[in-house]
Each structure stands twice: as C-alpha cells, then as structure tokens.
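Right, one structure below, let's go through it.
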2 protein chains.
Amino acid sequence: MTDDKVDTEKAILNAARQVFVRKGLDGARMQEIADEAGMNKALLHYYFRSKEKLFKMVFREAMSKFFPGMVVILGSSEIPIEKKVEAFIENYIKIIQENPFIPSFIIGELNKNPEQLTEFFVESGIDTSKVAFILKEVIAKELGITIQQARHLVVNIIALCVFPFVGRPLLEKIIFQSNQDEFDQFISERKAVILNLIRTSINRSV
Amino acid sequence: MTDDKVDTEKAILNAARQVFVRKGLDGARMQEIADEAGMNKALLHYYFRSKEKLFKMVFREAMSKFFPGMVVILGSSEIPIEKKVEAFIENYIKIIQENPFIPSFIIGELNKNPEQLTEFFVESGIDTSKVAFILKEVIAKELGITIQQARHLVVNIIALCVFPFVGRPLLEKIIFQSNQDEFDQFISERKAVILNLIRTSINRSV
DNA sequence: CACTAAATTAACCATACGGTTAAAATAATT
DNA sequence: AATTATTTTAACCGTATGGTTAATTTAGTG
C-alpha cells in the first residue's frame with residue numbers, strides 16, 4: 001500500500017467525518033464529502049464501495065472513542081471504587097472535550113437506527129454483559145448499594161457529563177444568551193461541579 | 001372550514017409527527033407521511049405547501065410542549081425557590097414521559113440546524129432574555145449562589161431528566177441489557193432520584 | 001524506456017424524491 | 001336539480017442523488 005493510497009483513504013475518512021457528524025447519515029451527500037476532500041466522487045466508492053460502508057467506518061471510529069475504554073475503567077480491580085468513579089468522570093469529560101460533536105452524532109444516529117449499536121458491539125467483539133457484571137459485582141457491591149441504585153449512579157454521571165454537549169444549541173441560546181465565551185467558561189468548570197455532586201451522592205448512597 | 005378539512009389537516013400532522021420524529025427531517029419522505037396518513041401525497045402539499053413548512057409545524061408543536069411553559073414555572077414569584085425547583089422537575093419529567101421521543105427529536109434537529117431555535121423563539125414571541133433574569137434575580141438571589149452556579153444547577157436538572165430518554169438506545173443496550181421492563185422500572189424511579197440529588201445539591205450550594 | 005497495474009477523473013445511468021397539474025370526486029350554494 | 005367551489009387523486013416533471021463505467025493519468029516494475 002503506497003503512501004498515496006493511505007493518504008487518500010485518510011483524506012476521505014476525514015472529510016466523511018466532517019460531513020456525517022455535521023449533517024448525519026441522511027443529510028450527508030457523497031458529493032459534499034468529495035468536495036470536502038477535494039477529489040472526485042467516484043474515489044469514495046473506489047475506496048469504500050458505498051455511502052453506508054463509509055458511514056459505518058465513521059460511526060465505528062466515533063464509538064471507539066468510548067468503547068470499550070470507558071467500561072474498562074470501571075472494571076479495573078485495584079483502585080478503590082471512589083477513585084474509579086472519579087477517573088471515569090475525568091476521562092469521560094476529557095474525551096468529550098476533545099470530540100465535542102461526537103456524542104450528539106452517536107446519539108442522533110442511534111435514535112434513528114438503534115440496530116447499529118448491536119452491530120457495532122458484535123463486530124467489535126465487545127461483550128455488553130460485562131457491564132452487568134461491573135454494575136453488580138463492582139459498583140453495587142463496593143458501594144454497598146443495589147444494582148438499580150448503581151444504574152442510577154452511572155446514568156447520572158453520563159447525563160451530567162454528556163448533556164451540555166448534546167443539548168448545546170438549546171443551552172447556549174437560552175441559558176447563555178448565545179454567549180459562546182460564557183458557555184466555554186461553564187464547560188471548563190463542569191468537571192469540578194460533577195465530581196462534587198457525584199461524590200456527595202456516593203457518600204449518601206445514590 | 002368543514003370538519004373534513006380539519007380532520008384531514010390533523011391526520012396529516014399526526015402522520016407527519018410520527019415520521020419526522022422517527023426519521024428526522026432529512027430521513028423522512030413525503031410519500032411515507034402520505035402512506036401513514038392513508039392519503040395521496042399531493043394532499044400534503046395542498047394543505048402545507050412544502051416538506052419544510054410541514055416539518056416546521058411539527059417542530060413548533062414539539063417545542064411548545066416545553067416553551068414557554070417550563071420557563072414560566074421557575075419565574076412564578078409566590079412559591080419558595082425550593083418548591084419551584086421541585087415543581088420544575090416534576091412537570092418536566094411528566095411532559096417527557098408523555099412524549100418520550102420528543103426530546104431526542106428536538107435535540108437531533110437542533111444539532112443539525114441550530115437556526116431553527118432562534119426562528120422558533122422569534123415566531124412564537126418568546127423572549128429568551130427572561131431566562132437570564134430568572135437565573136440572576138430568582139434562582140441565584142433566592143438560593144444565595146452565583147449566576148454561574150445557578151446555570152450549573154439548571155443544566156444539572158435538565159440533564160438528569162432528559163438524558164435517559166435522549167440516550168435511551170445506548171442505555172437500554174449497555175445498562176439494561178436490552179431489558180425494556182427494567183428500563184421502564186428505572187424511569188419510574190427517576191423522579192425520586194433526581195429530586196433527592198438536586199435537593200441536597202441545593203442545600204450545599206450547588 | 002516500454003509495459004503493466006493502480007489511482008483518478010469526466011461523463012453517464014437509473015432511480016427516488018419533492019413538487020405540480022389536470023382531471024375526477026365530493027360538498028356547498030343557488 | 002344545476003352549478004359552482006372545494007377536496008382528492010393519478011399521472012407526470014425536473015432534478016438531485018448514489019452509484020457505475022470507460023477512459024485518462026500516475027506510479028511501479030522489468
């Protein structure tokens with residue numbers, strides 16, 4: 001494989017990511033991706049066969065930012081559970097800040113096409129039942145709470161971390177009066193706020 | 001306007017809501033909406049002129065479930081702030097449970113087309129600067145916290161309420177192992193969990 | 001350099017889609 | 001009942017879109 005081939009493939013993926021993340025699978029146009037990559041549309045098919053296949057690559061890449069990595073953090077055995085939760089939050093926020101549009105992309109596409117999720121896990125060889133084990137045998141057991149309480153805890157954490165980015169257009173407009181600087185300031189404070197909230201919720205059993 | 005005309009218009013809107021909420025503006029097809037409504041495609045144009053206009057009606061209706069109603073709750077002056085927050089949470093969850101797919105619809109469309117939001121507020125005569133006033137003069141002042149802390153509080157509340165529905169495909173698969181009953185059970189417990197979490201966060205100044 | 005293989009492009013194709021139109025069916029008005 | 005206005009439909013139109021193909025350019029190889 002020549003460098004050119006590698007470069008072209010990467011250039012296509014970069015352009016595809018841009019367009020798919022911004023417009024979604026249905027709103028994206030192969031021609032727009034080609035334009036963004038500065039090449040002929042036929043090349044996209046030459047390298048990736050179809051729009052769906054190309055999209056799948058982009059979606060896969062996006063999911064890989066969170067899976068299985070984030071699950072592993074909670075599963076690692078040495079560290080005490082409180083530290084694990086903190087590491088989870090810090091890592092999660094870091095990933096989202098580095099890829100601020102990925103969460104809404106993933107969530108938007110999954111709401112339109114939930115089967116993609118199963119497909120991704122199967123093809124990536126990720127065993128989702130491990131999460132059940134972690135909820136029960138790690139989080140619930142080590143914190144002395146029920147499985148259901150552990151579920152609420154995890155959902156709370158994810159919600160608090162992700163939502164500002166997923167709901168950004170709404171929040172920026174109504175809470176921040178379209179002031180982007182104040183929104184960025186808000187985001188930079190976010191980690192401390194969430195850690196604070198979750199820490200006390202753990203000390204009081206969810 | 002005859003009853004038939006009213007009925008046809010409503011039938012179209014119902015079908016359009018179904019399809020638009022499920023597939024989004026880009027993924028929806030006028031033919032599919034016509035099929036869902038059991039009528040000829042030309043009728044959609046006869047009543048609503050274009051796909052965009054029809055979509056706008058559906059989007060408007062969806063937004064109206066939350067605005068300006070939810071803002072008003074926080075602004076009402078008689079009740080003490082703690083009660084206001086609780087009323088906000090309870091009302092919010094109620095609306096979402098009655099319209100479980102609306103949040104992801106709104107958020108998904110706004111992420112692809114943020115200008116729709118400004119358009120909606122302008123056309124609905126909703127003054128978004130009222131939120132700034134409420135954050136500063138109601139929430140921050142009555143709770144004795146900064147405006148920024150008030151923002152975090154509001155975002156926390158919305159995040160905790162909305163996210164389980166917006167992220168449902170993900171959560172149902174990984175946290176609930178595709179078990180819908182357990183997810184529903186989880187949702188029914190949600191209000192108490194959120195109230196609990198937010199109450200203590202208020203007592204400790206965000 | 002000649003020749004082969006891979007990469008890239010311009011032109012094209014079939015189809016799906018939003019939208020229109022003219023005719024048919026139904027309802028309202030006299 | 002006759003006439004007019006409104007609602008509904010079938011057939012159609014132009015175009016955008018995903019995808020293909022045949023030719024051209026570029027890179028690799030003896």
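In this text, all values refer to a predicted model and were calculated from it rather than measured experimentally.
- The separation between B/Leu43 atom CG and D/dA10 atom P is 10 Å, rounded to whole Å.
- Rounded to whole angstrom, the span from the CG atom of A/Asp26 across to the P atom of D/dG18 amounts to 10 Å.
- B/Thr8 has no side-chain polar atom (N or O) that falls below the 4.0 Å cut-off from OP1 or OP2 of D/dT7.
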Residues 99-106 of chain B, side-chain donor-acceptor partners within the protein, below 3.5 Å, at least two apart:
unit_1   : atom_1 : unit_2   : atom_2 : d
B/Asn99  : ND2    : B/Ile95  : O      : 2.9
B/Ser104 : OG     : B/Phe101 : O      : 3.2

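- Take A/Arg60 and apply the side chain to side chain donor-acceptor pair (under 3.5 Å) test, not counting sequence neighbours, and it matches A/Glu123.
- Around CE of A/Met70, the count of heavy atoms belonging to other residues, nucleotides or ligands within 6.0 Å exceeds 12.
- Residues satisfying the ring-ring contact (aromatic ring centres under 6.0 Å, His included) criterion with A/Phe66, sequence neighbours excluded, are A/Tyr92.
- If you take OH of B/Tyr47 and C1' of C/dT20, they are 17 Å apart, rounded to a whole angstrom.
- The side chain to side chain donor-acceptor pair (under 3.5 Å) test applied to A/Glu98 returns no partner, not counting sequence neighbours.
- Set against C/dG19, C/dT8, D/dG19, the side chain of A/Ser50 has D/dG19 as its closest nucleotide.
- Residues of residues 29-38 of chain A having a heavy atom closer than 4.0 Å to DNA chain D, listed by number: A/Arg29, A/Met30.
- At whole-Å resolution of the value, NZ in A/Lys51 and C1' in D/dT20 are 17 Å apart.
- For A/Gln18, there are no side chain to side chain donor-acceptor pair (under 3.5 Å) partners two or more places apart in sequence or in a different chain.
- What separates CG of B/Asp7 from P of D/dT8 is a distance of 10 Å, to the nearest Å.
- Between the C1' atom of D/dT20 and the CZ atom of A/Phe48 lies a distance of 18 Å, rounded to the nearest Å.
- Partners of A/Phe121 under the ring-ring contact (aromatic ring centres under 6.0 Å, His included) rule, at least two apart in sequence or in another chain, are A/Phe67.
- Comparing B/Met39 and A/Ala28, the nucleotide of DNA chain D nearest to each residue sits closer to the 5' end for B/Met39.
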With 3.5 Å as the limit, what N/O pairs link the protein to nucleotides 11-15 of chain D?
none

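- B/Phe183 pairs by the ring-ring contact (aromatic ring centres under 6.0 Å, His included) definition with B/Phe176, not counting sequence neighbours.
- In this structure, B/Phe20 has its ring center under 6.0 Å from that of B/Phe55.
- Atom CZ of A/Arg49 and atom P of C/dA7 are 15 Å apart (whole Å).
- A straight line from OH of B/Tyr46 to P of C/dT26 spans 15 Å, rounded to a whole angstrom.
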